Amino acid sequence: MAILRHPTSFQIAVIKAALFLLCLLPAVQLALGAYRDTLGANPVEAITHASGEWTLRFLLITLTVTPLRRATGLHWLLRLRRMLGLFAFAYGVAHLFTYLWLDQFFDWMAIALDILKRPFITVGFAALVLMLPLALTSNAFSIRRLGGRRWQSLHRSVYGIAILGVVHYWWLVKADVLAPAVYALLLAALLGVRAWWREQERRRQLAAALPARVPRGKVIPLVPK
Amino acid sequence: TALSPPAPSPLSTTEEKTSYKSVTTYNNFYEFGTDKADPAENAGKMALRPWTLRVEGLANKPRTFDIDELLRLVPLEERIYRLRCVEAWSMVIPWVGFPLAALLKQVEPQGSAKYVEFVSHYDPKIMTRRPVLEWPYAEGLRMDEALHPLTILAVGLYGEVLPNQNGAPLRLVVPWKYGFKSAKSIVAIRLVDKQPATAWNRAAPDEYGFYSNVNPEVSHPRWSQATERRIGEFRKRPTLMFNGYADQVARLYQGMDLQRNF
């Protein structure tokens, strides 16, 4: 249990390597399925759906790191977050390339029309484009260059990206919104807990800033001349 | 179970048939689940006997047919048709069946019958209870569409009795319309004077019109209909007007604005 509380750098490296392989599993499974022709009657559709779902799943998993860390006190979990986020991006890129290549065969006219005319593709495409700056700045150099505060506010855009991702899925389904509704609920919980923390923090700061006893009676306003 | 060898038809296409496996494992039959693999997994629960078909409404001789009686009523034909799904994939399926017109003739439709409504089987004990669509599934055709020689009631495919997931024991096949128009596991056919409400039109009227003719020029909010992926093929192919049946059916829609009547 001591390992779990305070793992050494080496132990974290081992955990990271194991997690890396685990995150690759869905991709390996898809590649094997394509090679063995076990993806069903419409393999392109199967790859498109699987890569899209894994993008969403990794986004949610990435957003779970902070709440999990706060709930358990296992602060080293934070050191896994960048990799999880980059896997979300990687599956997203795979999803986009499946569409561009296997589905549309780089028919740029058809692709442009899709992005402009089909709302679910518009938001999905936007989500992926917005992930690019986050992926590009997922390194220590960028944190130093941008400064912690700016880097953090940039990376908070992942909340909006995840919302776009769920909307993309919701608008794609023809009639049965059960699966996207599950993602929407999970995302609402993950974002809701953050909003709640924020509110708690605001109250704490207010309470600390205000004097314990507010003077009653007439308050003379101090207007600068 | 094999059906007695059906007669070939000049209305069949000579295109390469989609594999039996794909035809019977990649299905849209939402009563049994919305994943393409769900119907093959779940539709086995549907009991096919006894099964009756009510043909009712504006007819001189409305009556209920037993499915086994129906199978002997009209000689069975093989019809190899293209099937185009609204989701932009397509198949070529060797159906076994008979013209819907032959059945309608039996009940003598009245002059006031302008439309035909199809009602599918719905049993909440074995099918989804979630209101994915309004159950039972309903579809409809204009009378001239229903009487068109291409319109058949299918009872089999690949020379065998229809598998449950494909709409056993009796389903509609209208090859120039998107697949969802071809109602599965039909229990009632009604002759009516007004355009009947249909399941998908009720669910999303701006996406699924009453006619739903295959039309590469009318794009769907979710899918461009200009091209399609033939199951088993890698590259997409252009979609043909009326799914390639324009020579036979275009005259039914003469003078109609197909952008508006989509």
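It should be emphasised that the depicted structure is a prediction, and the values quoted were computed from it without experimental measurement. Reminder, nothing fancy here: chain letters follow the sequence lines and each chain counts from 1.
For B:Lys21, no part lies under 4.5 angstrom from a heavy atom of chain A. With a threshold of 4.5 angstrom between heavy atoms, B:Asn28 approaches chain A through side-chain atoms but not through N, CA, C or O. Residue contact with chain A, scored on non-hydrogen atoms closer than 4.5 Å, is absent for B:Val23. Interface residue B:Tyr208: only side-chain heavy atoms are found under 4.5 Å from chain A. Looking at A:Asp107, neither its backbone nor its side chain comes within 4.5 Å of chain B, counting heavy atoms on both sides.
Between the NE2 atom of A:His49 and the CG atom of B:Asp35 there is a distance of 9.0 Å, given to the nearest 0.5 Å. Remark: B:Trp223 CH2 to A:Phe120 CZ distance equals 7.5 Å, nearest 0.5 Å. Taking CD of B:Glu87 as the reference point, atom CG of A:Asn42 lies at 9.5 Å (rounded to 0.5 Å). For the atom pair OG (B:Ser224) and CD (A:Gln104), the distance works out to 7.5 Å, reported to the nearest 0.5 Å.
When side chains are defined from C-beta on, A:Lys174 counts as touching B:Trp200, because their heavy atoms get closer than 4.5 Å. You'll find the side chain of B:Arg235 stays beyond 4.5 Å of the side chain of A:Leu102, heavy atoms only. When side chains are defined from C-beta on, A:Leu178 counts as touching B:Arg130, because their heavy atoms get closer than 4.5 Å. Annotation: side chain of B:Arg222 is not in contact with side chain of A:Pro119 (no heavy-atom distance under 4.5 Å).
Counting heavy atoms of neighbouring residues, nucleotides and ligands inside a 6.0 Å radius, atom CD of B:Glu16 does not exceed 12 of them. Taking a 6.0 Å sphere around CZ of B:Phe180, one finds it holds more than 12 heavy atoms contributed by other residues, nucleotides or ligands. Annotation: A:Gln29, atom CD; neighbour count of heavy atoms from other residues, nucleotides and ligands within 6.0 Å does not exceed 12. Atom CZ of A:Arg79 has 12 or fewer neighbouring heavy atoms from other residues, nucleotides or ligands inside a 6.0 Å radius. Heavy-atom contacts from other residues, nucleotides or ligands closer than 6.0 Å to CH2 of A:Trp197 number more than 12. Under a cut-off of 6.0 angstrom, the local environment of CZ in A:Phe106 is crowded, with over 12 non-hydrogen atoms contributed by other residues, nucleotides or ligands. Around atom CZ of B:Arg202, more than 12 heavy atoms belonging to other residues, nucleotides or ligands sit under 6.0 Å away.
Counting heavy-atom pairs closer than 4.5 Å to chain B, the top residue among A:Leu172, A:Val177, A:Asp114, A:Leu113 is A:Leu172.
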Begin with the C-alpha distance, continue with both residues' side-chain angles, and end with the deciding distance and a verdict on side chain to side chain contact (heavy atoms under 4.5 Å, CB included) for A:Val44 and B:Arg229. CA-CA 10 Å; A:Val44 175; B:Arg229 173 168 285 112; 3.7 Å; yes

For B:His220 and A:Arg118: C-alpha separation, side-chain torsions, deciding distance, then whether side chain to side chain contact (heavy atoms under 4.5 Å, CB included) applies. CA-CA 9 Å; B:His220 184 276; A:Arg118 282 170 240 300; 5.6 Å; no

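Across every non-hydrogen atom of B:Phe234 and A:Phe105, the tightest pair is O-CE1, 3.6 Å. Taking every heavy atom of both residues into account, B:Ile231 and A:Ala41 meet most closely at CG2-O, 3.4 Å.
In this structure, a donor-acceptor pair under 3.5 Å is absent between the side chains of B:Tyr30 and A:Asp176.
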